[in-house]
Amino acid sequence: MLYIKLTKMTDEEIIRQVQKGDKEIYARIVKRYQDKLIRYATYLVGDYHLASDVIQETFIKAYVNLNGFNIKRKFSSWIYRIAHNEAMNLLKKDKKQFSLGEHVEIDSNIDLEENLIKKELKAQTQRCLKQMSVIYREPLSLYFLEDKTYEEISDILRIPVGTVGTRINRAKVIMKKICQK
Amino acid sequence: MPKINSKVEDVIMARIKAEEITMKPKWYFVMGSVFMLLGLVSLTIGSIFLTNLTLFLLKQHGPMGQWRLETLLNSFSWWIPVLTVLGMTVGVVMLRKYDFSYRKNLTIIVVGFIASIVVSAFLIDYLGLNKIWSQHGPMKKFYQQLENKNMAPGRRQNGSGRFRNRP
């Protein structure tokens with residue numbers, strides 16, 4: 001009964017409960033986001049294990065700062081933003097060029113595979129992403145692989161919506177060049 | 001090949017239950033927002049005041065009503081415009097912390113912020129408030145010190161607020 005109730009609750013409703021003191025249901029948030037966030041972080045840092053560490057730190061930071069989250073805003077953008085910051089900190093710390101590992105397994109449990117064209121595009125995107133600069137890799141992975149809208153990407157990366165569009169368009173051109181080599 | 005699993009969830013929930021990690025209280029974030037706003041307002045007011053002070057000092061004329069560039073360069077209190085620029089820069093950095101800053105065009109925000117400071121400074125100058133401050137009230141001494149420092153040696157103000165003649 002409680003499980004059904006929890007699955008129907010929105011992220012923001014769960015967060016409100018956690019803020020009120022029900023720590024246990026934070027597990028629901030972790031469950032909802034861990035795979036998506038690890039996948040996103042893997043695109044950025046190029047290593048599954050590093051990405052797992054980044055996401056563990058992301059969930060800890062999110063929990064510590066949960067009272068600073070504005071319930072009126074979208075939780076997914078907030079937690080993706082923290083993940084983005086953590087991944088960027090790691091990239092800055094270790095200045096060696098990160099690239100997407102050859103043997104990284106991407107979890108595909110989400111309903112992205114329904115559309116065959118999208119699936120093909122997704123596979124192609126994953127192959128080409130590793131060769132792109134991080135400023136293009138990020139919006140492109142969020143848009144095509146994480147199904148985020150321009151507004152959500154703008155909130156995650158803290159750049160204007162227009163810049164998101166510009167970067168995605170440029171990224172498409174770069175990716176076309178890379179993939180056609 | 002590594003496979004994504006639920007270890008992250010177990011580790012995090014174990015640490016939460018053991019109270020190794022705790023939430024920062026709500027007042028911490030409220031205070032953060034309040035201090036941030038107060039800081040921004042103080043910086044803006046400070047920058048307006050310093051810009052106005054720069055204008056006020058630049059308007060000090062030398063003998064014969066002409067600018068004396070050499071005197072100006074030698075005696076001008078350069079820390080005032082330097083501090084103004086610093087205040088504006090910190091103000092812009094603080095503005096960028098707000099959510100609206102990335103939704104709008106940053107150039108417009110920066111130009112708008114600087115323009116509002118400069119316009120306010122000119123407005124204070126136009127209304128003659130700086131003259132009032134330099135002659136009355138708690139700021140009188142401060143203004144007089146700066147005026148004296150900025151003037152040609154022959155035109156320094158005496159204690160009564162009058163200019164003495166060149167020897």
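Just so it is clear: chains get the letters A, B, ... in the order the sequence lines come, proteins before strands, and each one is counted from 1. Given the structure is predicted, the values throughout are model-derived calculations rather than measurements.
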[X] and [Y]: same hydrophobic cluster, using ILVMFWY side-chain contacts below 4.5 Å?
X         : Y         : value
Phe113(B) : Tyr98(B)  : yes
Leu140(A) : Ile135(A) : yes
Ile15(A)  : Val30(B)  : no
Trp79(B)  : Val90(B)  : yes
Ile48(B)  : Val82(B)  : no

Under a 4.5 Å cut-off applied to non-hydrogen side-chain atoms, are Gln34(A) and Ile12(B) in contact?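 A side-chain contact under 4.5 Å is absent here.
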Test item: Thr22(B) and Val64(A) side chains (from C-beta on) under 4.5 Å apart, heavy atoms: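 Thr22(B) does not reach Val64(A) side chain to side chain.
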Using every non-hydrogen atom in the two residues, find where Arg158(A) and Arg96(B) come nearest and quote the distance to one decimal.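 Heavy atoms only, the tightest pair is NH2-O, 3.7 Å.
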Could you report the tightest heavy-atom contact between Asn67(A) and Lys24(B), atom names first, then the distance?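 Taking every non-hydrogen atom into account, ND2-O, 2.9 Å.
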Rounded to the nearest 0.5 Å, what's the gap from [atom1] on [X] to [atom2] on [Y]? Could you check?
X         : Y         : atom1 : atom2 : answer
Thr163(A) : Leu106(B) : OG1   : CG    : 10.0 Å
Met23(B)  : Tyr63(A)  : CE    : OH    : 4.0 Å
Glu9(B)   : Ile55(A)  : CD    : CD1   : 14.5 Å
Lys61(A)  : Ile21(B)  : NZ    : CD1   : 12.0 Å
Ile16(B)  : Glu24(A)  : CD1   : CD    : 9.0 Å

Do side-chain atoms of Arg15(B) reach the backbone of Ile60(A) as a donor and acceptor pair under 3.5 angstrom?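 No, Arg15(B) side chain to Ile60(A) backbone: no donor-acceptor pair under 3.5 Å.
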Under a 4.5 Å heavy-atom cut-off, does chain A meet the side chain of Tyr102(B), its backbone, both or neither?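 For Tyr102(B), the contact with chain A is made by backbone and side chain together.
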Toward chain A, the part of Glu19(B) with a non-hydrogen atom under 4.5 Å: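 Side chain of Glu19(B) only, per the 4.5 Å heavy-atom cut-off to chain A.
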Verdict with supporting geometry, Lys7(B) and Gln56(A), side-chain contact (heavy atoms from CB on, under 4.5 Å): CA-CA 9 Å; Lys7(B) 270 188 182 170; Gln56(A) 195 168 306; over 6 Å; no
Select one option (side chain, backbone, both, neither) describing which atoms of Asp155(A) are under 4.5 Å from chain B's heavy atoms.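 Both parts, backbone and side chain.
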Report, as yes or no, whether the 6.0 Å neighbourhood of atom CZ on Phe35(B) holds more than 12 heavy atoms from other residues, nucleotides or ligands.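 12 or below, so no.
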More than 12 non-hydrogen atoms from neighbouring residues, nucleotides or ligands closer than 6.0 Å to CZ on Phe122(B), yes or no?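 Not buried by this count: 12 neighbours or fewer within 6.0 Å.
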Tell me, out of Leu157(A), Asn65(A), Val18(A), who's got the most heavy-atom pairs with chain B below 4.5 Å.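 Max contact count across the listed options: Asn65(A).
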So which of Lys26(B), Lys17(B), Met13(B) has the largest heavy-atom pair count under 4.5 angstrom toward chain A?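 With the most close heavy-atom pairs to chain A, the winner is Met13(B).
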